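Below: the structure, in structure tokens.
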Amino acid sequence: MSFKAAAVQMCSGVDPLKNAAAMARLVREAVAQGATYVQTPEMTGMLQRDRAAARAVLTDETHDIIVKTGSELARELGIHMHVGSTAIALADGKIANRGFLFGPDGRILNRYDKIHMFDVDLDNGESWRESAAYTAGSEARVLSLPFAEMGFAICYDVRFPALFRAQAVAGAEVMTVPAAFTKQTGEAHWEILLRARAIENGVFVIAAAQAGRHEDGRETFGHSMIVDPWGTVLASAGPTGEAVIIAEIDPSAVKAAHDKIPNLRNGREFSVEKIAGAIAGGVAA
């Protein structure tokens, strides 16, 4: 069955209460346009580079305002509400970068903790060590929903195709990639990575993004996007500011793509052997 999916683009600041209010307003806008599944970006609840300041306002998920608001919106509007992720305080003092999918009754149907930590040094001087504060997840899931089989990823996960292939092999028809891509990496790779994950697995990809200059000084790439199994961009947002994009998702298109390019069925096990190259007096056997 087809459904209308929305990706909500945000520019989250340092105040979770203000971000929750912005999320609610944009989700209502998406539902007014017919969306029955709505996704928000990575770190919907707060973008705050000052870790001490962030820890001062973080709570466990039972008391988190974004979790509470997401559940209430799902129940009130009768939708599947996907909080792309928000920062959740853990008992060991670390943090989870955790996404939540709420059903139309407001119940949590799925939690996903970002698996791959963004530990990089960029050419423009930006340095990120996500693993210093966050606990990496270790479990991928494919969730059976009334309208589709859904897989989950967050931001940097998109650079690890094995995660997406494993979910596709497990039956995922829609992959979700809420993100807060940096401006530099987004300009280089955002669209091509999303389209590649869609094409190589023959699935839809829905990616709500953070966008623009944030209160903590960082700049994110925006360009929230919905891509079909053939790699066609069905909807996209601009580089800055809030936005709601919507596309019709027909899971039967996944089967059609797999029938045309059956690479999931054609995959084979293989080994990798590392051998020496040219050597003095000849070539290695």
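For the single chain, residues carry numbers from 1 onward in sequence order. Note that the structure is predicted; figures quoted are calculated from it, not measured.
Ion pair Lys4/Glu248 not flagged as a salt bridge, since none of the NZ, NE, NH1 or NH2 atoms sits closer than 4.0 Å to an Asp/Glu carboxylate oxygen. Classification of Arg25 and Glu29 as a salt-bridged pair fails, no side-chain N sitting under 4.0 Å from a carboxylate O. Ionic pairing of Arg107 and Asp105 is present here: one or more N-O contacts between side-chain nitrogen and carboxylate oxygen are shorter than 4.0 angstrom. Residues Arg98 and Glu61 are paired through a salt bridge, judged by an N-O separation under 4.0 Å between the basic side chain and the carboxylate. Ion pair Lys68/Asp64 not flagged as a salt bridge, since none of the NZ, NE, NH1 or NH2 atoms sits closer than 4.0 Å to an Asp/Glu carboxylate oxygen. Salt bridge status for Arg28 with Glu76: present, with a side-chain N to carboxylate O gap under 4.0 Å.
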Decide side chain to side chain contact (heavy atoms under 4.5 Å, CB included) for Gln48 and Val57; before the verdict, give the C-alpha distance in whole Å, the side-chain angles of both, and the deciding distance to 0.1 Å. CA-CA 11 Å; Gln48 171 61 278; Val57 298; over 6 Å; no
Under the criterion side chain to side chain contact (heavy atoms under 4.5 Å, CB included), I'd like the reasoning laid out for Met23 against Val8: C-alpha separation, chi angles, the key distance, then a yes or no. CA-CA 8 Å; Met23 176 181 76; Val8 167; over 6 Å; no
Where do Arg218 and Asp216 land on the salt bridge (Lys or Arg N to Asp or Glu O under 4.0 Å) test, with the steps shown first? CA-CA 6 Å; Arg218 83 182 73 193; Asp216 71 346; 2.8 Å; yes
Output, in order, the C-alpha distance, side-chain angles, deciding distance and verdict of side chain to side chain contact (heavy atoms under 4.5 Å, CB included) for Thr182 and Thr220. CA-CA 5 Å; Thr182 69; Thr220 53; over 6 Å; no
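Scanning all heavy atoms of the two residues, the minimum distance from Ala6 to Ala35 falls at CB-CB, 3.6 Å. In terms of heavy atoms, Met1 sits closest to Pro146 at SD-O, 3.5 Å. A pairwise comparison of heavy atoms in Ala188 and Ile192 identifies O-CG2, 4.5 Å as the closest pair. Shortest non-hydrogen contact noted between Ala87 and Tyr134 is CB-OH, 4.1 Å. Closest heavy-atom contact between Val227 and Ala198: CG1-CB, 3.8 Å.
Within the model, atoms NZ of Lys255 and NZ of Lys260 stand 11.5 Å from one another, a figure rounded to the nearest 0.5 Å. How far CZ of Phe102 is from CD1 of Ile79: 10.5 Å, rounded to the nearest 0.5 Å. Atom CE of Met175 is separated from atom CE of Met150 by 11.0 Å, given to the nearest 0.5 angstrom. Put simply, OG on Ser85 and NZ on Lys114 are 7.5 Å apart, with the number rounded to the nearest 0.5 Å. Arg165 contributes atom CZ, which lies 4.5 Å from atom CG of Asn201 (distance to the nearest 0.5 angstrom). To the nearest 0.5 Å, atom NE2 of residue His116 and atom CG of residue Asn97 are 13.0 Å apart.
Side chain of Thr40 to main chain of Gly84: a donor-acceptor pair is present (N/O by atom type, distance under 3.5 Å, no hydrogens or angles). A donor-acceptor pair is defined here as one N or O able to donate and one able to accept, closer than 3.5 Å; such a pair exists between the side chain of Glu42 and the backbone of Ala180. Of the possible donor and acceptor atoms, none in the side chain of Asp113 sits under 3.5 Å from a partner among the backbone N and O of Gly137. At distances below 3.5 Å, not a single donor-acceptor pair connects side-chain atoms of Asn263 with backbone N or O atoms of Asn266. Remark: the backbone N or O of Pro41 is paired with a side-chain donor or acceptor of Thr44 at under 3.5 angstrom. When atom types are taken as modelled, the side chain of Ser71 and the backbone of Gly106 share a donor-acceptor pair closer than 3.5 angstrom. At least one donor-acceptor pair under 3.5 Å links the side chain of Glu173 to the backbone N or O of Glu149. A donor-acceptor contact shorter than 3.5 Å is absent between the side chain of Arg51 and the backbone of Arg55.
In this view, Phe3 and Phe147 satisfy the ring pair (Phe, Tyr, Trp, His ring centres under 6.0 Å) rule, not counting sequence neighbours.
The shortest side-chain heavy-atom distance between Arg197 and Pro161 falls under the 4.5 Å cut-off. Side chains of Val233 and Ile226 form no contact here, defined as non-hydrogen atoms less than 4.5 Å apart. Residues Val67 and Ile88 form a side-chain contact, since some pair of their non-hydrogen atoms from C-beta on lies under 4.5 Å apart. With contacts defined as side-chain heavy-atom distances shorter than 4.5 Å, the pair Val205/Met225 does not qualify. Under the 4.5 Å side-chain criterion, counting only non-hydrogen atoms from C-beta, His82 is in contact with Phe152. Side-chain contact check for Val203 versus Pro229: every heavy-atom pair is 4.5 Å or farther apart. The shortest side-chain heavy-atom distance between Asn110 and Phe100 does not fall under the 4.5 Å cut-off.
Under a 4.5 Å side-chain heavy-atom criterion applied to ILVMFWY residues, the cluster that includes Phe270 comprises Val272 as well.
Tyr112 and Asp157 form a side-chain donor-acceptor contact under 3.5 Å, judged by distance and modelled atom types alone. Counted by atom type alone, Thr36 and His80 present zero donor-acceptor pairs between their side chains at under 3.5 Å. Between the side chains of Ser12 and Gln210, at least one donor N or O sits under 3.5 Å from an acceptor N or O. Between the side chains of Arg159 and His189, at least one donor-acceptor pair of N or O atoms lies under 3.5 Å. For the 3.5 Å distance criterion, the side chains of Gln9 and Ser224 qualify, holding a donor opposite an acceptor.
Hydrophobic clustering (ILVMFWY, side-chain heavy atoms < 4.5 Å, transitive): Ile249 and Ile245 are in one cluster. Under the 4.5 Å side-chain contact rule for hydrophobic residues, Leu143 and Val177 share a cluster. Linking ILVMFWY residues whenever their side-chain heavy atoms come closer than 4.5 Å, directly or via other members, places Leu77 and Val244 in the same cluster.
Under the 6.0 Å cut-off for aromatic ring centres, Phe160 and Phe164 do not qualify, their centroids lying 6.0 Å or more apart.
The side-chain tip of Lys183 does not point at the ring of Trp190 from less than 6.0 angstrom away and within 45° of straight on.
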